[in-house]
Amino acid sequence: MPLAAYELLGALLFALGAMGVVLRANALSMLISVELMLNAVNLTFVAAARQYGQLDGQVISFFVIAVAAAEVGVGLAIVIDVARRHTTVDVDAASELRG
Amino acid sequence: MTLALVVAAPLAGAIFLALFGGYLGRRTSGTIAAGAILVSFGAAAAMAPVLLARGGSIDAPIARWLPIPGADFHLVLDVTMLAVVLMITAVSALIAIYSIGYLAGDRGIQRYFAALDLFVAAMLLIAVASNLLLLFAGWELVGLCSYLLIGHWRERPAAAAAAVKAFVINRIGDAAFLVGIFLVITGQGTVEIASIGQLSITTSVLILGGALAKSAQLPLHTWLPDAMEGPTPVSALIHAATMVTAGVVLLIRIGGPLSDDVMLAAAIIGAITALGAATVATAQTDLKRVLAWSTISQVGLMFTAAGVGAIFAALFHLVSHALFKASLFLGAGSVLHATQDEIDIRRLGGMARRTPWTAAGFVAGALGLAAIPPAAGFFSKEAIAAAALDRPYLLVLILLTSAVSAFYAARLVTLVFLTSPRSDRASSAHEPGAVMLLPLVGLALGTMTLGLAVAAGAIDLGVGALADAPPWLGALSLALAVAAVLAGWLLYRGGPRDETVLALARSGYGIDALYGRTAVPLFEAIARALELGAERTNGMVLDLVARTAMSASSAARRVQGGYLRAYETLLLAGAVALLAYWSIR
Amino acid sequence: MDALTFSFTAEQAIFAVAGGICAVAAANAVLRRDPLASALSLTIALFALAVLYLSLGAAFLFGVQIAVYAGAIMVLLVFVVMLLGATGGRPPLIAGRPRLGLAGPLVALALFALLAAAIVRAPVVAAPTAEPAADHVAALADVLFVKFLFPFEIASVLLLAALIGAIVLAQRRTP
C-alpha cells in the first residue's frame, strides 16, 4: 500500500475535521471535529513511520494522543463553564470579546 | 573684518539678549545693548580716516548666498554711507542708554533691548549691503523690529493695532519694492548695487513705492502718527532718526540708476508731503503726534533733495534731522516721564521752570526744527533750498514748509515749556535722572555743534562742501524762520487757543479716515474670504481624512465580531492560502 | 501481539474496509446535528483508525488508541454531552450569524485539494528493506525513553497541568 494512499486518507480526514470546526455551532461538536483532525495527523505519522522504517512517527503519535487527552479535559471544563454562564453551548452566543 | 563687525556686533547683541535677557536685569541688558552699538560705532570710526583719506569704498565679502548674480553676503562702505553709519550708531547708542532710565520698571525690557539691537543691525545692513537683496533683508528686518517695538506694551490694544497698521502699510511698499527687485534681476541680470545700470520707469516707480512706505510719505504715511503708541525712545530712534530715513538712504544709494523722471516725482511728492504734514503738525494737541507729523514733513524735504540729485543736501539734512528730532523726542519722553504721561499739550505748561535741563535739550532740538542757527537744521535746510533754486515751484514749497515748521516749533515750545502749568500733573513735574538727561544733552550739543562744524568745512561729510548758496537765500530763510517763531510765541504765550479752524488739518486732511472707509474694509473682506476658503478647504480635507479612517476602521472592526467560527474560518483560510503559496513556489 | 505485516493484497483489503468505515464515520460525525450522534460516530472512526494502525505495524498504538482515545477521551466527551443535555433544543447545523454560508466547506475543499496535490506530487520514498524488530514494544520503549525522553517528561507535566486546570475550571461558581 503506497504511502500516498494513507496520506490521502489522512488529508481527507483532516479536511473533514476542518470543515466541521468551521461549520458547527455547537461547542462539543467543534471539539469532536478537532479530535478528528488530530487523528488524521496521527494516521499520517504512523504511515510515514512505516515507510521510513523508523519508530519515531509512532512515538510522536503517542504524544499527540497524550496532548489530545489533556486538551479535551481542559476544553470540556471550559465548555461546562461557558454553558453555566450562558445556559447554552452555542458558540455564537459567546461573542462578548468583540472589537 | 571691521566692516562686518559693524553689522555683526548689534546682531550678536540682539541674539544674546534674546536668549539670555531673561536672566539679566534692566541695567545689564541696556548696557549690553548700548555696548554692542558702541562697538559698531567704534568699528565705523576706525575705518573713517582711511575712507576719508583715499575715498572709494571698503569692501567686505563674507559668504556666498543665492545663485543670483550679486546676491551674496557682501558689505560695502563708501564715504557717503560712512556718515549714515556713524549717525545711526551714535544716536542709537544714546537712545539705548536713555531707555535704561525711561523703561525702568517695564517687565519686558530685555526683549525691548534685543529688538533694539536687531533693529540697529538691520538698519546698518540697509546702509552697507552691497546688493539689493541683502538690503531688502535689512529692510524687512527693520519693519519687523518696528512692529515689535511699536507693540512693545502688549497689553495695550491701541499699540497692537498701531503695530499692525505700520506693518501692513510697510508691506504694501515692500511688495512693490520686491517686484522692483525682480525686475532689476530680469532687466539688469544682477542685484549688485554698484553694477546696476539705468532702470526703467516701472522698476523705478516700484522701488520708489517701497521708499515711500518706509519713509511715511504720501500716500503711505498714515502709519507713522499711530506708531507713537510705542515707547518714546522707540519713536525717537525708529520713527525719527533712522527707520523712516531708510527710504532716503535707498534713494541716495540707487539714485543714479533710478529714472530721472521718477526721481523728480519723488522730489515733488516729498515737497507736497512736507508742506501738508507741517500744516497738520500745527493742529495737533498730542505732544508726540506733533513730532510725528513733523518727521513726515522733514523726511519729505529729504526726498526733495534726493530727488533733484542733491545727495549732499539730503545726507546733511538726514544727519542733522536725526540729531534734532531725537533731541525733541527724548525731551518729550522726559516730559512724559516727569508728568506721569500727560501728553496733551493743552494741559502741560511751565516745564521750563520745573525741568530746566529737559527744556534746554528740547529747545535745542526746536531750534534745529525751526532752522535757526547755530543749530545744524539751519544749515541743512539751507542746502536743500539751494539745491532747488532752479526749480522755483519746489523752492516755494520748501520755504513755506520751513516757515510753518518754525511756527509749530514755537507753538510747541511755548505751550509746553513757557506758559504756566495747566494741570496738576504738569505742576508737580520733576526733572528725570541722569541716565535720561545725559543722552538728551548729548544730542542737543550735537545738534548745535554739527551745524557749525559743517558750515565751517571742518567736518567733511564726504560729498563736497556746502554748496555756496547765494546769501539772499540764507537771509530770507532766517527772516522767515524768525518771523514764524515770533508769531508762534505771540499767539500762544497766553495758553492754548481755539483751533477749530484747523480741524481739517488736525485730521490729516481726512486721508487716514478715507483709507479706513475704503482700502481697509476691502483688505479685510479679501482676508476673510481667503481665510474662509482656506478654512473650508482645510475642513473638507480633514473631514475626508477622518471619514476615511472611520469607515476603514469600522470595516476592519467587523473582523473582530466576537464570533468564534468567523475567526476559525479566517484562520483556516489563511493556512490554506499559505499552503497554496508554498505549493506554487 | 507481534508486529504483523500482511501481504500486499491483504493490506489493501484492510485499508479499503477500515479506511472506508473511517471516512464515512468521520463525515457522519461532522455532519450530524446531534452532538451525541457525532461523538458516537467519531468513536467508530477511531476504532477504524486503530485497525489501520495495526495494519501499519503499530501494534502498541493500536492498543493505546482504543484504550485511551476511544476508551477514555470519547467517554469523557459523551459524558459531558449528556451532562449538558443536548443544549435544550436541536442546535442548528449552520448557525444564523455570522453568515459564513459555504465558506467553510469551500475552504475545507481547497485545503484538501492542496494537500492532495502536494501528496501526489511528492517524490516516492523507497520502502525500507530492514525487517521490523521482533519485540515491538521494546523497540518502541527504546525510542520513547531515550530519544524522546525530554518530551516524555514534558508531556507528563502537561497532563498534570491539564488535570489541575480542569478541576479549577469545573469548580468555579457562576457569579
If you tally heavy-atom pairs under 4.5 Å against chain A, which of L42(C), L158(C), L109(C) wins?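 Of L42(C), L158(C), L109(C), L42(C) has the most heavy-atom pairs under 4.5 Å with chain A.
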
Stepwise, does the side-chain hydrogen bond (donor to acceptor under 3.5 Å, both in side chains) test hold for N42(A) with Q65(C)? CA-CA 10 Å; N42(A) 270 356; Q65(C) 174 88 342; 4.7 Å; no

Counting only heavy atoms closer than 4.5 Å, note whether I78(A) contacts chain C via side chain, backbone, both or neither.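 For I78(A), the contact with chain C is made by backbone and side chain together.
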
Side chain, backbone, both or neither: which part of E71(A) has a heavy atom under 4.5 Å from chain C?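 Neither part; nothing is under 4.5 Å.
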
Closest non-hydrogen atom pair between A58(C) and V46(A), with its separation: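 Answer, listing the atom of A58(C) first, then V46(A): CB-CG1, 3.9 Å.
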
With a 4.5 Å cut-off on side-chain heavy atoms, are [Y] and [X] touching?
X: L16(A); Y: F112(C); value: no
X: L55(A); Y: H136(C); value: yes
X: I65(A); Y: L61(C); value: yes
X: S55(C); Y: Y6(A); value: yes

Sort L49(C) into side chain, backbone, both or neither according to what part of it lies under 4.5 angstrom from a heavy atom of chain A.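 Contact with chain A involves the side chain of L49(C) alone.
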
Segment of F60(C) engaging chain A (4.5 angstrom heavy-atom cut-off):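 Interface part for F60(C): side chain.
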
Contacts of type side-chain contact (heavy atoms from CB on, under 4.5 Å), residue L76(C), not counting sequence neighbours: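 Checked L76(C) against side-chain contact (heavy atoms from CB on, under 4.5 Å); matches are V72(A), L76(A).
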
Got a sec, which residues hit side-chain contact (heavy atoms from CB on, under 4.5 Å) with A155(C), two or more places apart in sequence or on another chain?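 A155(C): side-chain contact (heavy atoms from CB on, under 4.5 Å) contacts with F63(A).
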
When you measure from the side chain of R24(A) to the backbone of R33(C), do you find a donor-acceptor pair of N or O atoms at a distance under 3.5 Å?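 Answer holds: yes.
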
